Amino acid sequence: MKTSSLEQVFERLLDHFGPLHWWPADTPFEVVIGAILTQNTAWTNVEKAIVNLRLHDGLTPDALRAAPRKRLEDWIRPAGFFRQKAERLQLFTEHLFARHGGDLRRMLAGPLAEVREELLALKGIGPETADSILLYAGGRPSFVVDAYTRRLFGRLQLLDADAPYEHIRAFFMDRLPADSDLFNEYHALIVEHCKRLCRKQRPLCPECCLLDLCPFAKG
DNA sequence: TTCCTGGCGC
DNA sequence: GCGCCTGGAA
């Protein structure tokens, strides 16, 4: 029985890094906050903002709804884009109360495609953020595509790195079982591998566990 | 395409 | 100093 390329890459990364058990958050709502704050932002800066929010008990839907906009901006400033992100956090929270009584689990419990469309309709929630929320806050099997995914699988020549988001997401979801634990671990491993080894500049190909599978490393 | 933003590594 | 960071909107 021949293992598919995607499963082979997953097994190699899992063997190398071990299970990573994302997302680093205490509650599903905190995942939503992190997913918005990390847009085009290094996670180290997001952590500073989360610490500020925790310091002010600002990690719940009730707290975000009640917080004055300016105060919220101050708390999340270290994450950058603080005006946009403060608006996005509060728009999400307002929607949560308006449509789901402030209950995130309820919001994320419906049919996957419908919940995804609902998320995408919100200002500031694009496909990557929507899939991150579905997967890591909702435990739903929606594969997350990010810049790292494009870079790694583009270099492996398993897909076109410039293809549209939905195309790449479908590539993975058509070839893997709809298993949220698998998607969770796979995306985490991709991020870890790309941060440490498959970097944009000066990738560490000699140390890579995918070396023999990678045209980029050879060429 | 450009704008939005701060922190960090090099 | 410059480029990058788990993007998205206009």
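Order of the sequence lines fixes the chain letters, A, B, ..., with proteins taken first and strands second; residue numbering starts at 1 for each chain. This is a predicted model, so every value here is computed, not measured.
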Side-chain N,O ([X]) to OP1/OP2 ([N]) below 4.0 Å:
{"X": "A:Lys85", "N": "C:dG7", "answer": "no"}
{"X": "A:Thr41", "N": "B:dG7", "answer": "no"}
{"X": "A:Gln84", "N": "C:dG8", "answer": "no"}

Would you kindly give the [atom1]-to-[atom2] distance between [X] and [N], to the nearest whole Å?
{"X": "A:Ile36", "N": "B:dT5", "atom1": "CD1", "atom2": "C1'", "result": "16 Å"}
{"X": "A:Leu122", "N": "C:dG7", "atom1": "CG", "atom2": "P", "result": "19 Å"}
{"X": "A:Asp131", "N": "C:dG7", "atom1": "CG", "atom2": "P", "result": "13 Å"}
{"X": "A:Asn40", "N": "B:dC8", "atom1": "CG", "atom2": "P", "result": "17 Å"}
{"X": "A:Trp75", "N": "B:dT5", "atom1": "CH2", "atom2": "P", "result": "19 Å"}
{"X": "A:Lys195", "N": "B:dC8", "atom1": "NZ", "atom2": "P", "result": "14 Å"}
{"X": "A:Arg202", "N": "B:dG9", "atom1": "CZ", "atom2": "P", "result": "14 Å"}
{"X": "A:Leu119", "N": "C:dG7", "atom1": "CG", "atom2": "C1'", "result": "15 Å"}

Which nucleotide in the set [options] lies at the smallest distance from any side-chain heavy atom of [X]?
{"X": "A:Lys200", "options": "C:dC5, B:dC10, B:dT5", "answer": "C:dC5"}
{"X": "A:Asn45", "options": "C:dG7, B:dG6, B:dC10", "answer": "B:dG6"}
{"X": "A:Arg77", "options": "B:dT5, C:dG8, B:dG6", "answer": "B:dG6"}
{"X": "A:Gln201", "options": "C:dG7, C:dC4, B:dC10", "answer": "C:dC4"}
{"X": "A:Phe81", "options": "C:dG7, B:dC8, B:dG6", "answer": "C:dG7"}
{"X": "A:Phe82", "options": "B:dG6, C:dG7, B:dG7", "answer": "B:dG6"}
{"X": "A:Arg151", "options": "C:dC4, C:dC5, B:dT5", "answer": "C:dC5"}

Between [X] and [Y], does any side-chain donor sit less than 3.5 Å from a side-chain acceptor?
{"X": "A:Gln90", "Y": "A:Arg69", "answer": "yes"}
{"X": "A:Tyr165", "Y": "A:Asp131", "answer": "yes"}
{"X": "A:His100", "Y": "A:Glu118", "answer": "yes"}

Say you pick atom P in B:dG7 and the same atom in C:dG8; how far apart are they, in whole Å? 22 Å
Sticking with atom P, work out how far B:dC3 lies from C:dG3, rounded to a whole angstrom. 16 Å
Base, sugar-phosphate, or nothing for [X], non-hydrogen atoms under 4.0 angstrom?
{"X": "A:Ile125", "result": "sugar-phosphate"}
{"X": "A:Leu120", "result": "nothing"}
{"X": "A:Gly126", "result": "sugar-phosphate"}

Does A:His56, at its NE2 atom, have more than 12 non-hydrogen atoms belonging to other residues, nucleotides or ligands within less than 6.0 Å? yes
Does the distance from a Lys or Arg side-chain N to an Asp or Glu carboxylate O, for A:Glu166 and A:Arg116, drop under 4.0 Å? yes
Residue mapping more 5' on DNA chain C - nearest nucleotide basis, A:Val144 or A:Lys123: A:Val144
Start at the 5' end of DNA chain B and walk down; is the nucleotide closest to A:Arg199 or to A:Arg88 reached first? A:Arg88
Name all residues meeting the salt bridge (Lys or Arg N to Asp or Glu O under 4.0 Å) criterion together with A:Glu73; count only those two or more places apart in sequence or in a different chain, and write none if there are none. A:Lys70
